[in-house]
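Only one structure is covered here, and it is reproduced in the block below.
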Amino acid sequence: MKISDPIKFTQPTLTQAPEVPGQVPLAFEFKLLKHRLSAGFPSPAADYAEDGLDLNDYLVRHKAATFMFTVKGDSMIGASIEEGDKVVVDRSLRPRHNDIVVAVVDAEYTIKRLYKHRGQVELRPENPNYQPTVFKDGAELEVWGVVVGVVRRYPARG
Amino acid sequence: MGCCCRGGQAIPGPGLAVTDVPQFALVDVNNFYVSCERVFQPRLEDVPMVVLSNNDGCAVARSNEVKALGVKMGTPWFKMKDLARQHGILAFSSNYTLYGDMSNRVVSILRDFSPDMEVYSIDESFLRIEAVAHLYGSILAMGQQIRGRIRQWTGLPVCVGVGPTKTLSKLANHMAKKNPVFDGVCDLYALSRTERGQWMSQIEVGEVWGVGRRINQRLAAMGIETVLDLRNASPKTIRTQFGVVMERTCEELRGNSCLELEDVAPPKKQIMSSRSFGAAVECIEELQESVATYVERAAEKLRRQGSEAGAVYVFVETNRFKAHEPQYSRGLTTPLPVPSDDTRILIQAALRGLKTIFRSDYRYKKAGIMLTLLSDKGTRQATLFDEPEKTARSTRLMAAVDAANREFGRSTLHSAATGSTQRWAMRSENRSPCYTTRWDELPGVK
């Protein structure tokens, strides 16, 4: 739609609106003029502007391979991983000795520390009340992913 | 586009011929919906299972175990209940939130292999790989890397088919999927000419991309029963019998690339949202609720792609399959004075349309809406009826609604017109949790 006739204003809607010489401003020009105004005075801080902190950037390195789980139970309490915590799991990483991993044992997910040393493979809890799971001679351990972070939110107050 | 245009582009660089033939890879997730469910429920591995369509109607995905029992795609669940009891087949309602998220992951992994790609469907993508395959040593090695990485990163099994045309890459994918000898990756031109001919002679022509059941029958009448028969048929004859589309298919089977990658899906020109009702609906109030809900969903998509709608189409229909019931169906487009992406305005328009087309004394089976005349928000020319203040306020409100629904789950905040009981809502009795998109539905780990 074309606007050919200027719209008359009885009252300016922008108190700071710059005047267009010899003309009543068109409605759609307000935006443009305003824009030009601010462009004339670049903020001295503009060069230093950063995006702020993003927890996703901090926690997630391979987005396509990253999943989250909710922790049940206290088997990893010694590693400061508690009931209700959300753990960040990266499937793109090859599990190494001493990594905390999510593994599949008896068709259930379990979070434990991977012990893999001199041919010995174990999933070790970090709580003296639990026993490690030992994988002997050819018993296959299925690691689902490597835990790369933990997120905890305290209950809302008020 | 004319036929047989050589897709191969001159690729400068050492060791590569100037007329390098194109190489298309089709990457396809095996039993996609079933595989998505299995990633998050280890106990489902090797269990016969199906995923059902909207409304828990028909099997839209089957595990290999179920395929082996002879259950066909689209079999209604009620028809296989006996079989299910006998073999312990589990049925899941479709969880499109989960499948969509997993699909995005696969696509983003594939983009790292080749930026030249076409996302063909939720579980299939075409890649052009002739320029990058040498980085992996060979096409087969690249295919195995793709397969391995998707499996490791997402847990999903895929097959890769490669050939000099899209149609051949589809065929290669089919071969890789059906024959363990390929180990999930088939490069058709890594086979000798004779071998290729043998494989083609063993596959029914109906498996060829674009050959539907009707064409299949007519081909059979001409003695064309296998892929090889079609490959060896004269393209000119095929053209006179079936038209240019089939001629192109025929040329593609001969290795002459006629179909290019479609570029990244352009923003949708229209957005549709409709469902069949779980139970027949007769009163206008319930129709109003459902229509408002569809608009709400569609409007969210509209804003996500940064568009505005110029009109809203609304339709209702009775159940065509119940011939003894009175039948009625009608649709109506309601144009908006000013294009908008405001849920409230779009709902208003849809409900106005609904009021016009609604007739009482019918049992409605389905309703839906379509947002049409879409345009880019922001590039539109101002009109006399624009109210910039109001528009800005509406934009902020809609952004807040979308953000809340993203964080707290769909329909946390919704228009009151959508109602709160939703008796008509889709049946999805056995939907798995949204493992990857909702905080309160994450899988648990002990």
Side-chain angles (χ1 to χ4, degrees), chain A residues 1-5 7 13-14 26-32 34 62-76 81 83-95 100-112 123 125 127 130 142-147 151 153, chain B residues 36 38-47 98 101-113 146 148-156 310 337-339 375 378-389 391-392 407-408 433-446:
Chain A
M1 176 164 196
K2 217 172 151 189
I3 301 177
S4 42
D5 297 319
I7 300 161
T13 45
L14 284 176
L26 299 177
F28 59 84
E29 277 184 346
F30 274 127
K31 217 161 118 196
L32 295 175
K34 230 168 96 184
H62 307 99
K63 190 163 180 276
T66 299
F67 298 85
M68 305 210 52
F69 284 71
T70 298
V71 175
K72 312 275 181 201
D74 57 0
S75 72
M76 290 300 283
I81 297 176
E83 163 99 24
D85 285 356
K86 312 291 180 198
V87 286
V88 186
V89 179
D90 190 336
R91 285 183 59 103
S92 73
L93 303 176
R94 205 163 282 286
I100 296 175
V101 298
V102 167
V104 179
V105 176
D106 298 329
E108 301 241 353
Y109 293 119
T110 180
I111 178 171
K112 297 289 177 291
L123 287 177
N127 180 336
Y130 294 79
E142 188 193 340
V143 172
W144 200 90
V146 175
V147 176
V151 189
R153 192 167 68 176
Chain B
C36 286
R38 283 181 171 168
V39 168
F40 297 97
Q41 294 193 58
R43 68 179 177 87
L44 296 177
E45 210 55 56
D46 304 324
V47 171
L98 176 66
D101 181 69
M102 294 301 279
S103 173
N104 287 337
R105 290 168 187 263
V106 172
V107 169
S108 85
I109 293 169
L110 287 176
R111 223 175 276 286
D112 283 346
F113 280 95
I146 291 175
R149 192 180 300 171
I150 292 178
R151 177 84 207 203
Q152 192 185 341
W153 287 33
T154 67
L156 297 170
V338 181
S375 55
T379 61
R380 178 170 57 85
Q381 279 201 323
T383 75
L384 275 174
F385 306 107
D386 266 345
E387 297 174 89
E389 259 304 294
T391 308
E407 182 165 3
F408 304 112
C434 294
Y435 299 109
T436 58
T437 49
R438 288 207 199 149
W439 287 113
D440 55 350
E441 297 189 14
L442 299 181
V445 60
K446 277 192 182 166

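Atom set for the values below is all heavy atoms of this structure, side chains included, hydrogens, waters and symmetry mates excluded. Residue numbers begin at 1 in each chain, while the letters A, B, ... track the order of the sequences. Because the structure is predicted, anything quoted here is derived from the model rather than measured.
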* Check whether Q41(B) gets within reach of chain A through its side chain, its backbone, both or neither, counting any heavy atom under 4.5 Å. =>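 It is the backbone, since no side chain atom gets that close.
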* Asked: Measuring heavy-atom distances to chain A, does T154(B) have an atom under 4.5 Å in its side chain, in its backbone, in both, or in neither?
  -> both
Residue part contacting chain B, namely of [X], when any heavy atom lies under 4.5 Å:
X: L93(A); value: backbone
X: V71(A); value: both
X: K86(A); value: side chain
X: S75(A); value: side chain

* Over 12 non-hydrogen atoms of neighbours within 6.0 angstrom of CD in E45(B) ->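 Yes, because the 6.0 Å sphere around CD of E45(B) holds more than 12 heavy atoms from other groups.
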* Please report the closest heavy-atom contact between S108(B) and A64(A), naming both atoms and the distance. =>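 It is OG-CB, 3.3 Å.
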* **Nearest heavy atoms of V445(B) and I111(A), plus distance in Å** => CG2-N, 3.3 Å
* Asked: Which distance, rounded to the nearest 0.5 Å, do you find between the CZ of R105(B) and the CZ of R91(A)?
  ->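 Those atoms lie 10.0 Å apart.
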* Atom pair OH (Y130(A)) and NZ (K446(B)), whose distance is rounded to the nearest 0.5 Å -> 8.5 Å
* Is a side-chain N or O of R43(B) found less than 3.5 angstrom from the main chain of D106(A), in a donor-acceptor match? -> no
* To do: Look only at the side chain of Y109(A) and the backbone of F40(B), and say whether a donor-acceptor pair between them is shorter than 3.5 Å.
  =>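 At least one qualifying donor-acceptor pair exists.
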* Asked: Are V39(B) and W144(A) close enough, and set up right, to give a side-chain contact (heavy atoms from CB on, under 4.5 Å), and what steps lead you there?
  -> CA-CA 9 Å; V39(B) 168; W144(A) 200 90; 3.6 Å; yes
